[in-house]
Each structure stands twice: as C-alpha cells, then as structure tokens.
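Model, not experiment: these values are computed from the prediction.
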Number of protein chains: 4
Amino acid sequence: MFQIDLKSRKAIYEQIVDNFKRLISTGVLKKDEKVPSIREMAKILAVNPNTIQKAYRELENQNYFYTILGQGSFISAPPEFTNVKEIRANYGNLKTIINELMFFGESEEDILEFVRKECANSIKRN
Amino acid sequence: MFQIDLKSRKAIYEQIVDNFKRLISTGVLKKDEKVPSIREMAKILAVNPNTIQKAYRELENQNYFYTILGQGSFISAPPEFTNVKEIRANYGNLKTIINELMFFGESEEDILEFVRKECANSIKRN
Amino acid sequence: MFQIDLKSRKAIYEQIVDNFKRLISTGVLKKDEKVPSIREMAKILAVNPNTIQKAYRELENQNYFYTILGQGSFISAPPEFTNVKEIRANYGNLKTIINELMFFGESEEDILEFVRKECANSIKRN
Amino acid sequence: MFQIDLKSRKAIYEQIVDNFKRLISTGVLKKDEKVPSIREMAKILAVNPNTIQKAYRELENQNYFYTILGQGSFISAPPEFTNVKEIRANYGNLKTIINELMFFGESEEDILEFVRKECANSIKRN
DNA sequence: GTGGTCTAGACCACA
DNA sequence: GTGGTCTAGACCACT
C-alpha cells in the first residue's frame, strides 16, 4: 500500500495520514471503499496499533474516513462544497513553493509545464 | 517584520526559520543585509533568546544566513548552483498540493493562472 | 565510553561530537547500533541533557546518527557516495599537519611509517 | 600575504595565528624576518588592531614570534629540541584524519601518495 | 556590543 | 520510555 520511513523526522501517524490523503486525492482509493482494520494495518506497516488508531481518528476528524461501528472504516465521499479554509491554505503553500523554486533558479516554463502535467493527470483519474 | 503564533502546532523556531526563508526567497531581504541581533529579535518577538538562536543557527546551516562573530548575522547570497535535493522536495510538495486542489474542485485554469501570476511576481522582484 | 574534559577550550558538545565520529570512523560503533539515550548519556558524562541533545542533533545533521522518535538514536550507515567537501577539508588538514611535523624535525620515513600503520589498522577493522 | 574569512566560524585572531604558523612551517617566512607592525597588519587585513595584537601575543607565547620593544616582531628560529607535546598532538590528529579519510572510502595508496608528496615539498623547501 | 555555551527545570508529543 | 521545545538566567570569547 505504502511504506513508512521510521527514520523520517515526521511522526509515523502523520505519515500514515498524509499517505491516505494522497491515495484518496489521487483517486487510488475510491468512495465507500473499506480500509484495512487497525489490527491489519498495524501488521502491514509493522507499527504499534495505537499509532494506527491515532492516524485513523485524525483522518476521520478531517472527513477523509467514516467509521461504522463493528464494520470498520471507509473512504468518505469527496467534499460536496468547497472547503474554503483548506483551499486557502493550499494556495498559501503553493505560493511559498513557487517562490522557493524561482529562488533556486527554476524557470517559469519548467514550473508551468510541471503544474500542467499534474493537473492533466488529476483530471484523467477522475 | 512578522508575527509568531504561539498557539500553532509548529515550533516557534521553525516559524521563524520559515518566515525568514520566505522573506529571503521573495526578495524582501537582500544579500548581505544585517538581520536583527539575537537579543533584539528576542525582544521584538517576545520569545527567549535561545529560541531565536536556534532559528538563526538553523538558517545558517541551510545557508540562508552567515554569521560574523561579534558583529551579527547577515543574509547569504542566493545559491550559485542549484540545490537539487531542495528542488526535488519542492516539486514533490507541489505535486501533493495540486492533487489536493484538484480534489477540492479547483479548476486547472485557476491553478495555472495563480502559478503564472506568482512566477511573474517573482521575476519582477529580481 | 569516553571522557569529557570540562577544562578544555573545546565546547563540551563538540567533544562529544568528535568522540562519536572517532568511534564510528574507527568501527567501534557499528551501523544501526543504538547509542545511549539523551538522558542516559547525560548521566554517564555528568552534563546537562540539553548539551547532549545539541551534540546528537549535530551528529544527525552530519549523517553520523539517525533518530527514531520515541525510540532513540542510532548509528547511520557509512556514506555511500564520497563526501567530496569533507574529504577535501581532511586533505587540507593533513597537509598542515605534515608541514608541522616536518618543521618539528620528524623524518619522512617516520611519518610514512605511521600513516601506513594507521591505514592498515583501518583496513583490518573493516 | 593571506586572506581572512570573516564568515568563517573560526575566530579571526585564530585564523591569523594559523596562517602565520603555516607560512613559517612551510618556510615562506624565514628566521629573524620582520613581520608587519600591528598597525600595518590591521590595515592589510582590514581588521581591528586589537585582534592583530591578540594574534601576535599568541604567536609569541607559542614561540613562533619574538618581539624587540620599539622595533617590532620577528620570526623565531625553528625549535632546536623537538617539542614532544606538539608532535604527539599532531600524530593524534594525523591518526584521526587518516581514519576519517579511510571511512570516507579513500584508498591507502592515495593517502600515502599525498603524504609522500607533501613530505617531499617540505624537504625541498628546507 | 555581538554570538556561543551551558545549566536547571518545565512541559509536550510520540511509540 | 523516547526525543523535542522552551524559558530564565549565567558566563564566556570575540570585535
């Protein structure tokens, strides 16, 4: 499914959250699909079940997962109404990244080309 | 200069580092400009001098600052050779952000327009 | 493990860094071996935990250590690709030392003999 | 004569001391040669006279310089009797450097070749 | 004045 | 248990 980097500075539960977000926003995991149980996931990634639980709870809080007691966790539907706060934050980060790339000498053409390609991939998937 | 959010989950010293990086990569702070001394900055931001020092040391390690003992800290020159590792990390983050923006329903046109505008601003500054 | 000289002009944290580097480059400490926790080490050397942390962080920055949050610090694998900058610095220092030894009247034979012996020891260890 | 790197982590007075040691042990500066006065040197290197004074005092203490009041500072004669303590320290450093070079993957042949060349240069000069 | 080091002790997040 | 952050305050070395 994905790999955890124990040596990373990022907390393990955060890595799990980010990986699930990525798989969801890239369409690998579809709406209402069941995700592995906490115990299964703990075995798969070889980390403590408490850590998985923390990640799942976080994903639930952020509306990426929903849980049916006794049945497990599932992927939520994509947000119906635009999440203004999230989008603003993303544009803020986008701005920072572009500034840094330009600062490091990347050309406008290269950056635009990269963005165009990623948008296209994203559209194709959905 | 900038504000620190004491309630943020991000460490204070990291906020300082990120703010300085932003000011440098957006050209607000120029090469060889002196930054406030550790003690001054501590007063300005109302945090402990040790915390400022930690931030300044980090900025020095990442080559955004240089220090002259007994004189203070200064803004480094922009990197002469492209920092491949840093650029790759930025493209990785860029990919994630674009995926999230598309997931939240933003259009390719809007994103490209935003990127184009930021690139233009960046070029104008330099 | 090793001793700290509190009277030395060299900072305590630097002594710790240098000692660990020595133990690693001489093969005493092997890849993935766990080093004492910050608190343990602070007790062993009778210095403040903050000082140990500073040393450990420095060793992490220089890729001699890696850290797993909540588990401790470990010895990194030897560098896969030659660290050109570090090697150059070492050759520079080597030059200085040889000049000084010759200046103090040591013979070429003695110096070469010493170097040969140290190289051999180093090879034997690996 | 030589350049001072203000951005270096090493103190300016230490850089001056080390540079003079280098010039003396490599034979560029000969016995009884006069070195520039403190004021001259301060102008040449564009640093504070106090800093030069500190460096010169240090060189005097370590017997690389001698001073005649009212006439200035001069290069001392090479040590007649071997300075056992200095030599030991140098061999200690030599050991560390060789270990690091081997750790970074340098070959015994390369290191020996480098040492041989430096010894030869040193002999030629004297 | 500047940055650098160190201590003592508190509190937090993660596994 | 682990490392990470932060504060308060002291002392040092360099310019």
For [N], does OP1 or OP2 lie under 4.0 Å from any side-chain N or O of [X]?
| X | N | answer |
| --- | --- | --- |
| A/Lys54 | E/dC14 | yes |
| C/Ser73 | F/dT2 | no |
| C/Thr67 | F/dG3 | no |
| C/Arg57 | F/dT5 | yes |
| C/Arg9 | F/dC14 | yes |
| C/Arg39 | F/dG4 | no |
| B/Gln53 | E/dG4 | yes |
| A/Tyr13 | E/dC14 | yes |
| B/Tyr56 | E/dG3 | no |

Counting the benzene-type ring for Trp, do C/Phe65 and C/Tyr56 have ring centres under 6.0 Å apart? yes
Spacing of [X] atom [atom1] relative to [N] atom [atom2], expressed in whole Å:
| X | N | atom1 | atom2 | value |
| --- | --- | --- | --- | --- |
| C/Asn48 | E/dA10 | CG | C1' | 12 Å |
| B/Ile12 | F/dA8 | CD1 | P | 11 Å |
| C/Leu69 | F/dT5 | CG | P | 9 Å |
| B/Leu45 | F/dT7 | CG | P | 11 Å |
| C/Leu6 | E/dT7 | CG | P | 8 Å |
| C/Lys34 | F/dG1 | NZ | P | 12 Å |
| B/Ile68 | F/dC14 | CD1 | C1' | 12 Å |
| D/Lys10 | E/dG3 | NZ | C1' | 19 Å |

Taking all heavy atoms of D/Arg22 and all of D/Asn19, pick out the closest pair and write down the distance. NH2-OD1, 2.6 Å
Between C/Gln71 and C/Pro49, which is nearer to the 5' end of DNA chain E once each is assigned its nearest nucleotide? C/Pro49
Please compare B/Val47 and C/Gly70 by the position of their nearest nucleotide in DNA chain F and report the one closer to 5'. C/Gly70
How do D/Glu14 and C/Ser37 order along DNA chain F: which one's closest nucleotide is nearer the 5' end? C/Ser37
Candidates [options] - which lies nearest the side chain of [X]:
| X | options | answer |
| --- | --- | --- |
| A/Thr51 | E/dA15, F/dG4, E/dT7 | E/dA15 |
| D/Ala11 | F/dC14, E/dG3, E/dC6 | F/dC14 |
| C/Ile38 | E/dG3, F/dG3, E/dT7 | F/dG3 |

Could you please name the partner base of F/dA10, counting Watson-Crick and G-U wobble pairs only when both distances are under 3.5 Å? E/dT5
Side chains of D/Tyr13 and D/Asn50: donor-acceptor distance under 3.5 Å anywhere? no
Is a donor from one side chain sitting under 3.5 angstrom from an acceptor on the other, for D/Lys21 and D/Gln62? yes
Can a salt bridge be assigned to the pair A/Lys7 and C/Glu60 using a cut-off of 4.0 Å between side-chain N and carboxylate O? no
Using only modelled atom types and a 3.5 angstrom limit, is any donor from either the side chain of B/Asn50 or the base of F/dG9 paired with an acceptor on the other? yes
Run the salt bridge (Lys or Arg N to Asp or Glu O under 4.0 Å) check on D/Lys10 and D/Asp5 step by step: do they pass? CA-CA 9 Å; D/Lys10 211 190 265 181; D/Asp5 177 11; over 6 Å; no
